[in-house]
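Remember, it's 1-based here, ligands and their atoms both numbered in the order they're listed.
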Amino acid sequence: MRIDIISIVPEILHSPFSNSMIKRAIDKGFIDIYVHDLRQYGLGKRKKIDDYPYGGGSGMVIRIEPVYRCFSKLFSERNYDEIIFMTPDGQIFSQEYAQSLTYKKNIIILCGRYKGIDQRIRDHLISKEISIGNYILSGGELAAAVLVEAVTRLFPGVIRNRDSILTDSFQEKTVIAPPVYTRPLVYKGWGVPEILLSGHHKKIKDWFYKKSMQLKKKLDS
Ligand code: ADE
């Protein structure tokens, strides 16, 4: 899978992609990530990318030309299956959507900044608008990193313990992962539920299931 991310502050994305799980996925050839600096497609000598909003109001708006130029260059090189715009008023990101993206070959992620982007970009060039939650970030970069991380870890071989993915909360829509414990057995007087030490597999399985259901009920209420 190839992911092209377009941003005005590409530096924000260097760290998340050069460490741990995502780096392993890149090194193993599961994904290719290219971060593009929108400013390189800016207008004139000063590489202008934004302007005042028509009709007035505060803040600057990202112009359509730099985005169109950047997209055109990418489109001339390959076809894209999805062109995602990260925005707080998009569809809420979900495990289901992350899973669906693993079947795509090439995707573009456009990160917003400032007051917003010219609506014509959204109307004519974007195929999906995604929000990572009902709160406002300064830009779409961290949201894009969240999306990429959630998608990347779903590729077989990226996470060493595949079983751990399958038991993650939300992987199955109805299941919330139960609480887990490890050593020490007691820390500052706080112990581990005895059932987990019983060696009784059936009872342990039932206990995990019961805990999952309790958590799900709590989340739903
Ligand atoms: N850009 C700013 N806030 C965002 C959010 N919550 N999700 C996606 N992109 C964003």
Side-chain angles (χ1 to χ4, degrees), residues 1-22 25 31-42 47-55 57-71 74 80-104 106-154 168-171 173 219:
M1 180 184 199
R2 175 182 168 121
I3 306 174
D4 288 276
I5 305 178
I6 301 164
S7 162
I8 297 164
V9 270
E11 305 78 31
I12 296 179
L13 291 164
H14 291 160
S15 171
F17 299 154
S18 52
N19 289 293
S20 96
M21 191 273 301
I22 295 187
I31 53 161
D32 279 324
I33 300 177
Y34 296 87
V35 181
H36 306 272
D37 184 353
L38 186 66
R39 212 167 286 280
Q40 286 185 358
Y41 299 86
K47 300 283 179 197
K48 194 174 172 57
I49 49 158
D50 58 354
D51 224 316
Y52 295 100
Y54 279 126
S58 62
M60 301 293 271
V61 176
I62 294 178
R63 294 175 62 128
I64 192 167
E65 303 97 313
V67 175
Y68 195 90
R69 282 183 190 175
C70 182
F71 280 6
L74 294 173
Y80 284 89
D81 307 301
E82 192 90 288
I83 300 154
I84 302 167
F85 175 50
M86 304 308 300
T87 175
D89 57 357
Q91 179 187 316
I92 295 286
F93 187 51
S94 65
Q95 189 67 22
E96 218 179 343
Y97 183 60
Q99 185 73 54
S100 77
L101 286 177
T102 62
Y103 304 111
K104 313 276 185 203
N106 303 312
I107 65 169
I108 291 176
I109 304 175
L110 176 64
C111 305
R113 280 259 147 190
Y114 307 138
K115 184 185 174 135
I117 64 173
D118 190 300
Q119 183 60 33
R120 289 165 291 186
I121 301 169
R122 300 174 71 161
D123 290 346
H124 303 292
L125 305 176
I126 296 293
S127 63
K128 196 86 175 175
E129 299 190 331
I130 292 292
S131 162
I132 61 159
N134 291 327
Y135 41 81
I136 314 286
L137 304 168
S138 305
E141 287 76 15
L142 294 177
V146 166
L147 183 148
V148 170
E149 157 113 18
V151 173
T152 303
R153 64 195 299 285
L154 294 174
D168 280 349
S169 297
F170 302 109
Q171 183 62 32
K173 254 205 237 152
L219 204 71

Quiz item: Among all protein non-hydrogen atoms, which one is nearest to atom 6 (N) of ligand 1, and what is the separation to 0.1 Å?
Solution: Tyr135 O, 2.8 Å

Quiz item: Within the side chain of Arg153, is there an N or O that forms a donor-acceptor pair under 3.5 Å with the backbone of Met21?
Solution: no

Self-check item: Chi angles and distances behind the side chain to side chain donor-acceptor pair (under 3.5 Å) call for Tyr103, Asp81
Solution: CA-CA 9 Å; Tyr103 304 111; Asp81 307 301; over 6 Å; no

Quiz item: Got the closest protein heavy atom to atom 7 (N) of ligand 1, with its distance?
Solution: Ile132 N, 3.0 Å

Quiz item: Is any NZ, NE, NH1 or NH2 atom of the basic residue among Arg122 and Asp89 found under 4.0 Å from an Asp or Glu carboxylate oxygen of the other?
Solution: yes

Quiz item: Any salt bridge between Asp51 and Arg63, counting N to O under 4.0 Å?
Solution: yes

Exercise. Give the residue, atom name and distance (to 0.1 Å) of the protein heavy atom nearest atom 9 (N) of ligand 1.
Key: Thr87 N, 3.2 Å

Quiz item: Among all protein non-hydrogen atoms, which one is nearest to atom 3 (N) of ligand 1, and what is the separation to 0.1 Å?
Solution: Leu137 N, 3.0 Å

Quiz item: With a 4.0 Å heavy-atom cut-off (strictly under), which part of Ala143 contacts ligand 1: side chain, backbone, both or neither?
Solution: side chain

Practice problem: Determine, using heavy atoms of Gly112 and all atoms of ligand 1, whether some pair is separated by less than 4.0 Å. | Solution: no

Quiz item: Does the side chain of Glu82 come under 3.5 Å of the side chain of Ser127 through a donor N or O and an acceptor N or O?
Solution: yes

Exercise. Considering the heavy atoms of Gly139, write down every atom of ligand 1 situated less than 4.0 Å from one of them.
Key: 1 (N), 2 (C)

Self-check item: Exercise: do Lys128 and Gln91 side chains pair donor with acceptor under 3.5 Å
Solution: yes

Quiz item: How does Ile130 reach ligand 1, if at all, at less than 4.0 Å between non-hydrogen atoms: by side chain, backbone, both, or neither?
Solution: backbone

